[in-house]
Amino acid sequence: MGPADREDSWRRLREETFDVVVIGGGVVGAGTALDAATRGLRVALVEARDFASGTSSRSSKLFHGGLRYLEQLEFGLVREALRERELMLTRLAPHLVKPVSFLYPLTHRVWERPYTAAGLLLYDTMGGSRSVPGQKHLTRAGALRMVPALKRDALVGGVRYYDALADDARHTMTVARTAAHYGAVVRTSTQVVDFLREADRVSGVRVRDVETGDEADVGAAVVVNAAGVWTDELQHASGSRGRFRVRASKGVHIVVPRDRIISESGLILRTEKSVLFVIPWRNHWILGTTDTDWHLDLAHPAATRHDIDYILDHVNEVLARPLTHDDIEGVYAGLRPLLAGESEETSKLSREHAVSRVAPGFVAIAGGKYTTYRVMAADAVDAAAADLPGRARPSITDKVPLVGADGYHALVNQADHLGARHGLHPYRVRHLLDRYGSLIGQVLAEADGRPELLRPLDAAPDYLRVEITYAASHEGALHLEDVLARRTRISIEYPHRGVDCARQVAELMAEVLGWSAETTAREIEVYRERVEAERASQSQPDDAAADERRSAAPEARSGLVDVGD
């Protein structure tokens, strides 16, 4: 997905007619493109911004069954999600999805331990064969040894259980690359601005190259709307009325250094509304999340001071050393696309996801959660099959590893040899393997004849310079924020939020993308203004004030247009 591929993909969009055009480059859209392509269909995926630029880069980073759904007796949902977690860990993406442990602190004597044990026994066994350890019960002393950061009076005991963790933005981008590997045309900065019609059916879309302003008509037998929180906006633009609407719910997370919470395990804490996670994330902890309605800018949801205080207040109830605002290195806010019915019947739609054939040639999918994206994608293509008589074979994505998965385990065993060959410490090789899997050779080949690319970034030493050039040459990164916020997670992992390495990263990208000095300077300035606006929004008392501050920053993709007005 480099610059040359981008040119070719625009030509193909103009010249070819597709079985399926997917709108939306989040995990559901990418998964739908992969599902359709591996069924033998001709597929195009278009995304107005960047892969995972919305919800799919701003999740809790977990592949999990949803432990709290057990209390709501949603056994089918939990079973489905746990099966997907198992597939990711063992077959589809072992390079990207890893086991992670959580301590559930017990706060009531007598009844809570057997109650929790029964729930976790179901959780441990519902997903089929288990690739993570089962629950382990701990006394208060044992739990405090595992998590010394807890107050002694915050628990009477504990239970450790396992789920799985992934870099959501990297995973989504890898799903999209896998779809491209199987023949799909995959293109970011490509906005749907109108729908093509033949009589009563949707027969394609009109797209705009956000970078150049060029437009083209793309013919398709069926169009799939997988735009997440933008679902309603696109349905309105199509002139169709769907059977469900999407409500945006804001979830905020904060990131703190690993040494601020002394623990060998993550934590799951009950709140008055739901649960709060403390999630291990490399040299950091991710704490979240909130759950509040959002009615403002869908592209740039803003965290408020109130959101941040909510998280700090709840986690500080159990920590011996309270966290403060000064401990926070990163903050991010995302929007969950929740289903909201337009009538009494549709208000009771599945809490997981819904698929609707909105009109002949037009399918919409919404709701769900990250873990079950593959199931959602298969359901969307099944619904599209009504407009593809005889052409759609059954879904096989449960048997299709993502690019980088094949050969990953063997390369992990060879990390020392790889490191010696390239002059890298084995820990650095393992870092690369857990980001690129068996594509590591392709990444390191970028540094052939340029050993300086194997040095870390000056202000973000967790990442090598070659990772920046690879993001631009192979991973479809077109703007500085694509790399700092999604191809890497520098924007949330360092107190400077990417500003201190913006120039170095931009200059590395410029070599690949052919940026002029003026373009490079603009990218740096736009990114700095984005960070300043986010910082300002996070000191505001409410959503309206935070949105006003965040929306003041310029768009990296200035060629985006309003659709459907």
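This chain uses plain numbering: 1 for the first residue, then up along the sequence.
With hydrogens and angles disregarded, a donor-acceptor distance shorter than 3.5 Å links the side chain of Ser57 to the backbone of Ala52. With hydrogens and angles disregarded, no donor-acceptor distance shorter than 3.5 Å links the side chain of Ser249 to the backbone of Arg336. Thr178 places a side-chain N or O within 3.5 Å of a backbone atom of Val403 that can act as its donor or acceptor partner. Side-chain N or O atoms of Glu467 include one that pairs as donor or acceptor with a backbone N or O of Leu464 at under 3.5 Å.
For the residue pair His306 / Asp543, no side-chain donor-acceptor distance below 3.5 Å is found, with atom types taken as modelled. For the residue pair Gln135 / Tyr123, no side-chain donor-acceptor distance below 3.5 Å is found, with atom types taken as modelled. Counted by atom type alone, Tyr162 and Asp124 present zero donor-acceptor pairs between their side chains at under 3.5 Å. His171 and Tyr370 are linked by a side-chain donor-acceptor pair at a separation below 3.5 angstrom, with hydrogens and angles left out of the test.
Taking each heavy atom of Met376 and Ile365 in turn, the nearest pair found is O-CD1, 3.0 Å.
Test Asp434, Leu439, Leu96 against Tyr408 for side chain to side chain contact (heavy atoms under 4.5 Å, CB included) and you get one pass: Asp434. No option in Asp50, Asp167, Asp168 other than Asp50 meets the salt bridge (charged side-chain N to carboxylate O under 4.0 Å, His left out) test with Arg486.
For His431 and Tyr427, the ring centers sit 6.0 Å or farther from each other.
Ion pair Arg247/Asp293 flagged as a salt bridge, since at least one NZ, NE, NH1 or NH2 atom sits closer than 4.0 Å to an Asp/Glu carboxylate oxygen. Note on Glu86 versus Arg91: no salt bridge recorded, every NZ/NE/NH1/NH2 to OD/OE distance being 4.0 Å or above.
With sequence neighbours excluded, no residue forms a side-chain hydrogen bond (donor to acceptor under 3.5 Å, both in side chains) with Arg79. Annotation: side-chain contact (heavy atoms from CB on, under 4.5 Å) contacts of Ile279 (sequence neighbours excluded): Ser60, Leu62, Phe102, Leu165, Phe277, Ile286. Residues passing the salt bridge (charged side-chain N to carboxylate O under 4.0 Å, His left out) test with Asp379, sequence neighbours excluded: none.
For Lys136, the NZ atom counts as loosely surrounded, since its 6.0 Å shell holds 12 or fewer non-hydrogen atoms of other residues, nucleotides or ligands.
Taking the ring centre of Tyr527 as origin, the terminal cationic atom of Arg497 falls outside the region bounded by 6.0 Å and 45° from the ring axis.
Between Asp307 atom CG and Leu312 atom CG the span is 11.0 Å, to the nearest 0.5 Å.
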